[in-house]
There are 2 protein chains.
Amino acid sequence: MRYGSGHKEETRRKILDIAGRRFRDEGIEAVGVASLMADAGLTHGGFYAHFKSKDELVATALDQSMCESSDRIFDLAEQTSDKIGTFIRAYLSPTHRDTPGKGCTFSALTPELARQDGSVRATASEALPPYLDRIGRLLPTTDPASARRQATALFSLLMGSLQLARLTEDPALSDSILESGIKAALNLVSVFEGV
Amino acid sequence: MRYGSGHKEETRRKILDIAGRRFRDEGIEAVGVASLMADAGLTHGGFYAHFKSKDELVATALDQSMCESSDRIFDLAEQTSDKIGTFIRAYLSPTHRDTPGKGCTFSALTPELARQDGSVRATASEALPPYLDRIGRLLPTTDPASARRQATALFSLLMGSLQLARLTEDPALSDSILESGIKAALNLVSVFEGV
DNA sequence: GCGTTAATATGATGATCATCATATAAACAC
DNA sequence: GTGTTTATATGATGATCATCATATTAACGC
């Protein structure tokens with residue numbers, strides 16, 4: 001049947017939003033087209049009116065979720081005086097650990113993304129440098145090259161800590177992983193400052 | 001047909017070795033039973049004489065590969081005087097980056113492991129603390145509790161750096177991620193020492 | 001050497017996968 | 001109001017998935 005104007009655009013956006021969340025929650029390969037469409041209240045057939053393949057959806061959804069996924073954390077950090085400290089604490093918060101579908105795409109999917117090729121891999125690969133530079137701008141460092149280097153190591157630490165905190169089934173260990181990640185990250189930043 | 005004694009044990013070992021490597025190279029979900037058996041020179045039917053389900057294979061293969069996957073790096077580190085420096089440099093070497101199938105299971109699979117449940121998840125979860133303690137023993141720190149804390153942050157940084165180095169398609173960026181990871185890790189260790 | 005046993009092969013099961021052809025029916029143009 | 005257009009639904013395709021029943025055949029016990 002036919003729907004009012006703008007309906008298709010809205011459906012497409014809905015599919016993309018759900019895909020972005022479910023990919024982070026369940027992994028890209030684990031989310032099927034039919035299940036995704038059902039989640040959007042539709043049947044599987046209409047999918048190819050919106051995307052010419054699952055790969056195109058994946059690339060598009062990633063392009064969106066890699067930009068947006070950490071927006072709230074960045075927004076929060078950019079509003080405070082201790083920008084990088086706020087970012088570190090928000091990134092390694094229990095809330096972020098417990099809601100991967102709403103959180104950082106890199107922490108949820110990085111090894112799976114590294115195994116992709118074509119446009120999916122390219123999208124993931126190209127999203128990294130701007131993300132690192134965005135972290136770099138939270139640092140007190142003025143030199144962009146050293147900000148990039150510092151942001152790279154800092155983000156590696158944050159992403160690794162979040163992943164390990166999600167891996168363990170022991171809640172106390174999980175909390176302590178977040179805590180040691182925060183401490184080390186703050187240490188790392190202060191060491192940067194001293195150099 | 002029937003085979004000589006010991007043949008079945010050897011086949012089982014072969015399946016486990018290939019599974020451990022391929023899971024790290026391709027992801028757990030991406031490796032099918034039939035393709036795995038073909039890789040071992042067998043057909044799919046015999047699989048269930050060795051494992052009662054794919055999940056049992058996954059748990060068993062992970063149990064093996066999480067112990068063994070970093071053995072060479074640990075062995076190398078434990079033989080040198082600068083144990084932790086050697087470990088850091090070996091973990092973040094281009095060789096390790098380029099051969100995930102022979103490398104650290106955590107760095108290859110962590111987010112996918114965190115999404116599992118049952119015995120697979122339990123195996124992954126239980127392998128983490130001994131791994132962290134093994135790193136802790138490379139540190140100059142004598143107090144086991146603080147060694148554990150330091151090892152946790154250090155390993156987070158190493159794993160995150162390796163994953164990001166594998167993610168990017170830009171070889172120069174990939175190398176620089178390894179380098180900044182090494183520098184920050186060495187920094188982190190010297191900060192630990194100062195405390 | 002003959003019957004039993006054991007390791008793998010063959011082939012089938014039903015489920016799910018991405019993808020596509022076609023049907024439907026309501027909104028729009030006139 | 002009638003006919004066209006369009007967004008989605010229905011249903012089918014062939015591929016692959018984990019799993020299992022059964023066939024094969026060589027090694028072993030006697």
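Order of the sequence lines sets the chain letters (A, B, ...), proteins ahead of strands, with each chain counted from 1.
- When distances run from any side-chain atom of A:His44 to the nucleotides C:dT10, D:dA7, D:dG11, the shortest one goes to D:dG11.
- The phosphate of D:dT8 has OP1 or OP2 within less than 4.0 Å of a side-chain N or O from A:Thr11.
- Between the side chains of B:Asp17 and B:Gln64, at least one donor N or O sits under 3.5 Å from an acceptor N or O.
- Residue B:His50 contributes atom NE2, which lies 16 Å from atom P of D:dC20 at whole-angstrom precision.
- Taking for each of A:Gly46 and A:Ala30 the nucleotide of DNA chain C with the nearest heavy atom, the 5'-most of the two is the partner of A:Ala30.
- Nucleic acid contact class of A:Gly45 (heavy atoms, under 4.0 Å, all strands): base.
- In this structure, the NZ atom of B:Lys54 is 9 Å from the P atom of D:dT19, given to the nearest Å.
- For the pair A:Phe47 CZ and C:dT16 C1', the computed distance is 16 Å after rounding to whole Å.
- Among A:His96, A:Arg89, A:Glu78, the one residue that satisfies the side chain to side chain contact (heavy atoms under 4.5 Å, CB included) test with A:Ile73 is A:His96.
- Between the P atom of D:dT8 and the CG atom of A:Asp39 lies a distance of 16 Å, rounded to the nearest Å.
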Original post:
Hey, mind stepping through B:Tyr131 and B:Cys104 against side-chain contact (heavy atoms from CB on, under 4.5 Å) and telling me if it holds?
Top reply: CA-CA 11 Å; B:Tyr131 192 94; B:Cys104 172; 3.7 Å; yes
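- Nearest nucleotide to the A:Arg2 side chain, out of C:dC28, D:dT8, C:dA9: C:dC28.
- Residue A:Ser35 is classed as having no contact, given no heavy-atom separation below 4.0 Å to the nucleic acid.
- When rounded to the nearest whole Å, the span between OH of B:Tyr3 and C1' of D:dT25 equals 9 Å.
- In this structure, the CE atom of A:Met37 is 17 Å from the P atom of D:dG11, given to the nearest Å.
- Taking a 6.0 Å sphere around NZ of A:Lys102, one finds it holds 12 or fewer heavy atoms contributed by other residues, nucleotides or ligands.
- The NE2 atom of A:His7 sits 12 Å away from the P atom of C:dC28 (whole-angstrom rounding).
- Heavy-atom contacts from other residues, nucleotides or ligands closer than 6.0 Å to NZ of A:Lys83 number more than 12.
- A:Tyr48 comes within contact range of at least one nucleobase, with a heavy-atom separation under 4.0 Å.
- In this structure, the CG atom of A:Leu57 is 14 Å from the C1' atom of C:dT19, given to the nearest Å.
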